[in-house]
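In what follows, chains carry the letters A, B, and so on, assigned in the order in which the sequence lines appear, proteins first and then strands, with residues in each chain numbered from 1.
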Amino acid sequence: MKIKIVKRSEQNRFVLVIAPFIAILFSFVIVGIFLYANGLNPFSVFKDMFVESLGSFYGFSETLVKTTPLLLCGLGVALAFRMELWNIGAEGQLYIGAFGASLVALYYPINNHFLMLLAMFLSAGLFSGIWGMIPGFLKAKWNVNEIIVTLLMNYIAILWVDYLVYGPWKDPKGFNFPLTKQFPDVARLGYYFDTRLHTGFFIALVLAFLFYILIEKTVWGYEIRVIGNNPNAAKYAGINYEKNVIIVMFISGLLSGIAGFSEVAGVTYRLQHGISPGYGYTAIIVAWLARRSALGVLLVSFIMGVLFVGNDALQINYQLPIAFINAFQGLILFFVISSEFFVNYRISFGEK
Amino acid sequence: MMVEILLDATIRAGTSILYATLGEILTERSGIINLGVEGLMLIGALSGFYVSHITGNLYLGVLAAFILAALAGMIHGFITVYLRANQIVSGLALTMFGIGVTALFGKKMIGIPLNGFQKIEVPVLAKIPIIGVFFNQDILVYFSYITVVILSFILFKTKFGLKIRMVGENPGAADTAGINVYKIRFFSTVFGSGLSGIGGAYLSLAYTPLWIENMSAGRGWIAVALVIFASWYCYRAMFGAYLFGGINALQLRLQAMGTNVSAHILQMLPYFFTIIVLVIATIRLEKGARVEPEGLGLPYDREDRR
């Protein structure tokens with residue numbers, strides 16, 4: 001008997017659809033083994049995860065709360081992926097957006113609710129957009145590796161927020177906790193149904209819709225896709241690669257920055273240490289699993305939202321560390337990209 | 001003497017990055033990008049610490065760090081070399097996995113003290129002014145000097161090294177010449193990952209003999225950037241790692257001296273500095289002849305060979 005790997009002449013559509021689900025199933029099995037090795041019962045851990053995140057109206061609303069930043073950051077990363085740009089800096093861009101929004105909320109006394117939120121939104125978008133544009137500019141001008149630059153900028157952004165909340169912006173009445181004073185009421189997004197579900201979620205939905213229109217229905221979106229598929233062909237067609245890299249990185253950063261705005265204005269009502277438990281990193285998985293489509297990003301960010309709410313419960317019930325979710329997500333990614341092998345190849349068993 | 005104190009701190013801060021950079025150079029020379037360095041360093045740091053703690057033997061800890069990081073690197077190697085998956089995504093997954101898994105298993109290790117590697121003076125050499133600092137370090141630092149020499153020798157002076165570089169430059173041609181591209185790439189990834197693991201172990205066994213969650217703090221990414229700075233050469237990696245170590249030492253020194261500048265701002269310096277260095281190195285590389293392995297980042301598939 002001989003095992004042979006044969007390249008498929010065309011992709012297998014059935015495998016393409018089913019592969020991610022099997023991949024996720026496999027990661028549950030492995031995570032289960034890890035949990036068991038840590039002396040926990042994997043079945044009750046998984047059951048708790050799903051009951052907490054989907055088993056009640058409140059749990060469901062919490063899942064949507066976590067879906068919001070993942071959706072926004074996911075869109076940002078997916079846009080960059082569209083033209084083969086690796087924006088791994090969504091985490092930092094989220095922090096810079098949160099900083100931009102807080103700057104307005106804390107230091108510019110605007111009394112009109114709508115105007116205040118609009119100003120926060122714009123400030124968040126502007127700061128994070130420019131923050132994202134820096135690696136875009138370096139990439140366009142000198143072909144500097146955007147993966148490393150965006151990644152290192154995450155550390156700088158997080159330290160910048162830490163500097164503020166431990167230093168000049170620290171709430172004097174905050175019992176020495178690393179947080180700013182609370183935003184005034186005009187600087188808070190509305191919430192619904194006595195849950196923590198806030199307007200940020202709906203803003204994210206609108207932006208996801210705009211993303212879809214922009215990418216699928218406009219000439220510019222088409223250009224971006226052409227660049228992503230074949231940069232050389234794009235050049236021949238007269239599409240300006242450098243300019244588009246900078247614009248795409250601006251919008252990509254902006255979208256993640258809006259996630260920062262939505263978190264401070266909708267959830268925490270203040271800037272604080274550790275405002276994101278890694279939404280920006282998860283966004284990379286979201287964008288990859290979603291195959292860069294808006295609807296896909298929506299679906300996958302919801303699934304990841306389930307994991308985040310579930311993880312919160314596990315922290316409380318089983319004292320599992322926050323970073324536990326990272327191991328889970330890493331495994332999901334491993335299995336998903338491994339499964340893609342079977343989309344393009346088939347393994348045949350048989351006599352030589 | 002002030003210069004010697006700073007130089008000492010520079011070497012100590014640079015060594016863990018040196019190991020990680022060397023590991024990544026080996027891997028990238030074979031054509032595989034591994035963005036999992038950060039995760040591998042954490043796996044190395046925790047397994048080194050854990051094994052040293054339970055056996056009471058630091059050397060066994062280093063060995064465990066190498067083996068466990070190599071095993072984790074095997075995942076990346078298998079997925080990217082044999083399954084031809086996207087190297088960037090796989091590397092990111094490895095980093096996430098490393099962060100998560102070490103947080104999960106490391107919880108019980110937090111706050112446990114460990115008697116780490118101590119300095120050993122090299123006779124005669126340690127007495128030379130200034131240079132002597134290089135010879136009054138712990139064993140892992142000495143081992144890092146040796147690794148630089150050996151790795152550089154293997155890569156550029158042996159037939160095996162030639163094979164590795166060929167596979168990285170042009171896998172199709174290497175295959176035609178009868179070299180097993182898959183095996184060489186897999187080996188380089190696994191061994192390179194092991195070296196990154198020792199870089200992590202340096203942190204938890206010598207630099208700050210403790211286990212702290214996420215203690216690599218971006219050093220893995222700095223190592224990836226330094227590979228470009230070093231233009232894939234081992235001796236330049238040494239220079240780059242110490243350059244970074246110097247910035248870090250200076251930053252810590254300023255903190256200790258109690259400047260008015262906030263610790264958080266000072267902590268940004270190494271990352272900021274690395275970006276600047278990366279930009280300068282890239283501009284230089286773009287202008288001159290490309291030195292990046294031609295086949296870097298591209299999966300190899302025999303059937304696609306032309």
What's the verdict on side chain to side chain contact (heavy atoms under 4.5 Å, CB included) for W160(A) and I265(B), showing C-alpha distance, side-chain angles and the deciding distance? CA-CA 7 Å; W160(A) 171 245; I265(B) 299 288; 4.2 Å; yes
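- Within the 4.5 Å cutoff, side-chain heavy atoms of V89(B) are placed close to those of L333(A).
- Looking at heavy atoms from C-beta onward, W142(A) lies out of side-chain contact with L285(B) at the 4.5 angstrom threshold.
- Within 6.0 Å of CZ on F26(A) lie no more than 12 heavy atoms contributed by other residues, nucleotides or ligands.
- For L138(A), the part lying near chain B is the side chain, with the backbone staying farther off; criterion is any non-hydrogen pair under 4.5 Å.
- Taking A103(B), G39(B), A263(B) one by one and counting their heavy-atom pairs under 4.5 Å with chain A, the maximum is reached by A103(B).
- Among pairs with a residue in residues 314-327 of chain A, none fulfils salt bridge (Lys or Arg N to Asp or Glu O under 4.0 Å), at least two apart in sequence or across chains.
- Of the atoms belonging to I332(A), not a single heavy atom falls under 4.5 Å from chain B.
- Side-chain atoms of M96(B) and I285(A), non-hydrogen and from C-beta on, do get closer than 4.5 Å to each other.
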With side chain to side chain contact (heavy atoms under 4.5 Å, CB included) as the test, would you mind laying out the steps for W221(B) and N154(A) before giving the verdict? CA-CA 11 Å; W221(B) 295 104; N154(A) 285 342; over 6 Å; no
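- Each of T95(B), L83(B), V279(B), I75(B) has some count of heavy-atom pairs under 4.5 Å with chain A, and the biggest count is that of L83(B).
- Residue Y166(A) qualifies as enclosed at atom OH: its count of foreign heavy atoms under 6.0 Å is above 12.
- Between I228(B) and I148(A) there is a side-chain heavy-atom pair separated by less than 4.5 Å.
- In terms of heavy-atom pairs under 4.5 angstrom with chain B, the leader among I158(A), L151(A), V149(A), I147(A) is L151(A).
- Counting heavy atoms from C-beta on, the side chains of I156(A) and I275(B) come closer than 4.5 Å.
- Within residues 212-220 of chain B, the residues that have a heavy atom under 4.5 Å from a heavy atom of chain A are E213(B), A217(B), G218(B), listed by number.
- Residue contact with chain B, scored on non-hydrogen atoms closer than 4.5 Å, involves the side chain of I284(A) exclusively.
- Here Q319(A) is the residue among Q319(A), E340(A), K141(A), M153(A) with the most heavy-atom pairs under 4.5 Å with chain B.
- For the options L94(B), T102(B), I222(B), heavy-atom pairs under 4.5 Å to chain A are most numerous at L94(B).
- Counting heavy-atom pairs under 4.5 Å between each of I88(B), L269(B), I99(B), T80(B) and chain A puts I88(B) at the top.
- Using the six-membered ring where Trp is involved, F334(A) and F97(B) have ring planes that are perpendicular, over 60° apart on the 30 and 60° scheme.
- Residues N86(B) and W288(A) have side chains in contact (heavy-atom distance under 4.5 Å, counting atoms from C-beta outward).
- Contacts between I322(A) and chain B at a heavy-atom distance below 4.5 Å are absent for every atom of the residue.
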